[in-house]
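Down below is the structure, laid out as structure tokens.
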Amino acid sequence: MLILLRTFFDIALLRQGPEQLPRLTVFLVFAALFWLSSILLTWFLLDDFTGFSVVRSIISNLLSLFLFTLFIAARGRAVRLTQMYTAILGATAYIAFATTAFLLLLQPTGNVLVLGILASWAWSVQVEGSIVSRTADVSLAGGVAVAAFVLIVQLLVNDFLIVMQQTPSA
């Protein structure tokens, strides 16, 4: 499994792509658990760790995988979905760990906090765009455009879920 973690790290640093991963469900399950551990650790260390915050994050990320799936299927590359899911989950777990470390160690505020979050989003979009471009056989710019679109949809859905949570029921 150490080789798999190293591959996720290399994908997060744009040194490798999803094609380096075997199409095995066990690796996808491992990547999902690795990703979930990063989300739980982030919320535990940085948030109030409400169940809803974790659920919101899981919904947002499942939505992104669904949107990526639609794009990959439309390109006729559905056979590569397991590798794409594994790569995205594994690489974004490292990004989440790095972002959490940045926030905990530096405890940024104001503009530094905003720039750190924007840098994390830019890194995620670049990594996911690279994975999507390699999976769908499109240009890197095309993959990044798809990943940027997916991030915007995720942010909108996340805001919607926050508003729904705050709206008192009648």
Side-chain angles (χ1 to χ4, degrees), residues 1-43 54-103 114-159 161:
M1 289 298 162
L2 288 177
I3 293 172
L4 185 60
L5 289 172
R6 174 64 186 199
T7 304
F8 293 157
F9 186 72
D10 286 341
I11 291 170
L13 294 179
L14 302 171
R15 291 188 268 194
Q16 291 190 40
E19 67 277 0
Q20 302 301 318
L21 297 166
R23 292 182 191 141
L24 297 175
T25 306
V26 68
F27 290 143
L28 175 57
V29 170
F30 179 80
L33 292 173
F34 183 54
W35 172 83
L36 186 60
S37 72
S38 73
I39 295 303
L40 292 174
L41 181 69
T42 298
W43 288 115
V54 173
V55 169
R56 212 175 51 236
S57 181
I58 291 171
I59 288 170
S60 175
N61 284 284
L62 287 175
L63 174 64
S64 73
L65 292 177
F66 174 73
L67 293 173
F68 289 138
T69 299
L70 291 177
F71 180 73
I72 299 303
R75 296 281 304 157
R77 306 295 191 273
V79 69
R80 300 177 182 175
L81 285 173
T82 302
Q83 289 170 297
M84 181 193 73
Y85 296 149
T86 305
I88 287 175
L89 291 171
T92 58
Y94 274 114
I95 295 169
F97 285 129
T99 302
T100 301
F102 164 77
L103 295 171
V114 171
L115 288 174
I117 297 300
L118 289 174
S120 176
W121 286 345
W123 183 11
S124 292
V125 165
Q126 183 66 31
V127 169
E128 290 175 353
S130 173
I131 293 167
V132 168
S133 77
R134 292 171 105 150
T135 302
D137 290 327
V138 298
S139 69
L140 178 59
V144 168
V146 170
F149 170 78
V150 167
L151 175 64
I152 291 168
V153 171
Q154 279 182 289
L155 293 173
L156 291 171
V157 168
N158 190 54
D159 285 349
L161 292 172

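Within a 6.0 Å radius of CD1 in Ile3, other residues, nucleotides and ligands contribute 12 heavy atoms or fewer. More than 12 heavy atoms of other shown residues, nucleotides or ligands fall within 6.0 angstrom of atom CZ in Phe30.
Put simply, the side chain of Tyr94 gets close to the backbone of Leu5: a donor and an acceptor are under 3.5 Å apart. With Gln83 contributing its side chain and Leu21 its backbone, the two residues share a donor-acceptor pair below 3.5 Å. Of the possible polar contacts, one joining the Thr69 side chain to the Leu65 backbone as a donor-acceptor pair under 3.5 Å is found. In this structure a side-chain-to-backbone donor-acceptor pair under 3.5 Å is missing from Ser60 to Ser57. Between the side chain of Trp123 and the main chain of Ala12, a donor-acceptor pair closer than 3.5 Å is present. A donor-acceptor pair under 3.5 Å links the side-chain atoms of Thr86 to the main chain of Thr82, judged by distance alone. Looking only at distances, no side-chain donor or acceptor of Thr92 sits under 3.5 Å from a matching main-chain atom of Ile95.
Across Val132 and Phe68, no two heavy atoms sit closer than the pair CG2-CD2, 3.5 Å. When all heavy atoms of Ser133 and Ser139 are compared, the pair lying nearest together is CB-O, 3.3 Å. In plain terms, the two heavy atoms of Ala148 and Val125 that are nearest each other are N-CG1, 3.9 Å. Residue Gly129 comes nearest to Ala147 through the heavy atom pair N-CB, 3.6 Å, listed as atom of the first residue, atom of the second, then distance. Pairing each heavy atom of Arg134 with each of Glu19, the nearest pair is NH2-OE2, 2.9 Å. The two residues Ala31 and Phe8 come nearest to each other via the heavy atoms CB-CZ, 3.6 Å.
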For this session: In sequence, state the C-alpha distance, the side-chain angles, and the governing distance for Val127 and Leu14, and then conclude on side-chain contact (heavy atoms from CB on, under 4.5 Å).
Result: CA-CA 6 Å; Val127 169; Leu14 302 171; 4.0 Å; yes

For this session: Just do the side-chain contact (heavy atoms from CB on, under 4.5 Å) check on Trp121 and Leu155 with the steps written out, would you?
Result: CA-CA 11 Å; Trp121 286 345; Leu155 293 173; 3.6 Å; yes

Problem set entry | side-chain contact (heavy atoms from CB on, under 4.5 Å) evaluation trace for Phe9 with Leu13 | CA-CA 6 Å; Phe9 186 72; Leu13 294 179; 3.3 Å; yes

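Taking the centre of each ring, Phe97 and Phe34 come in below the 6.0 Å mark.
Between the CG atom in Leu103 and the OG1 atom in Thr42 there is a gap of 8.5 Å [rounded to 0.5 Å]. One finds the CZ atom of Arg75 at 9.5 Å from the CZ atom of Arg80 (value rounded to the nearest 0.5 Å). Distance check: Leu140 CG to Gln126 CD gives 5.0 Å after rounding to the nearest 0.5 Å. Rounding to the nearest 0.5 Å places OG of Ser38 at 11.0 Å from CG of Leu33.
Looking only at side-chain heavy atoms (C-beta outward), Leu70 and Phe66 come within less than 4.5 Å of each other. Between Phe71 and Thr135 there is no side-chain heavy-atom pair separated by less than 4.5 Å. Considering only heavy atoms from C-beta on, Ile131 comes within 4.5 Å of Ile11 through its side chain. Put simply, the side chain of Trp35 reaches to within 4.5 Å of the side chain of Ile58, judged on heavy atoms.
Scanning for salt bridge (charged side-chain N to carboxylate O under 4.0 Å, His left out) contacts around Arg23 gives an empty result, with sequence neighbours left out.
Sequence neighbours left out, not one pair with a member in residues 116-128 passes salt bridge (Lys or Arg N to Asp or Glu O under 4.0 Å). Evaluation of the salt bridge (Lys or Arg N to Asp or Glu O under 4.0 Å) test over residues 138-153, restricted to residues two or more places apart or in two chains, returns none.
In summary, Arg77 and Asp137 engage in a salt bridge, as defined by a charged side-chain N under 4.0 Å from a carboxylate O.
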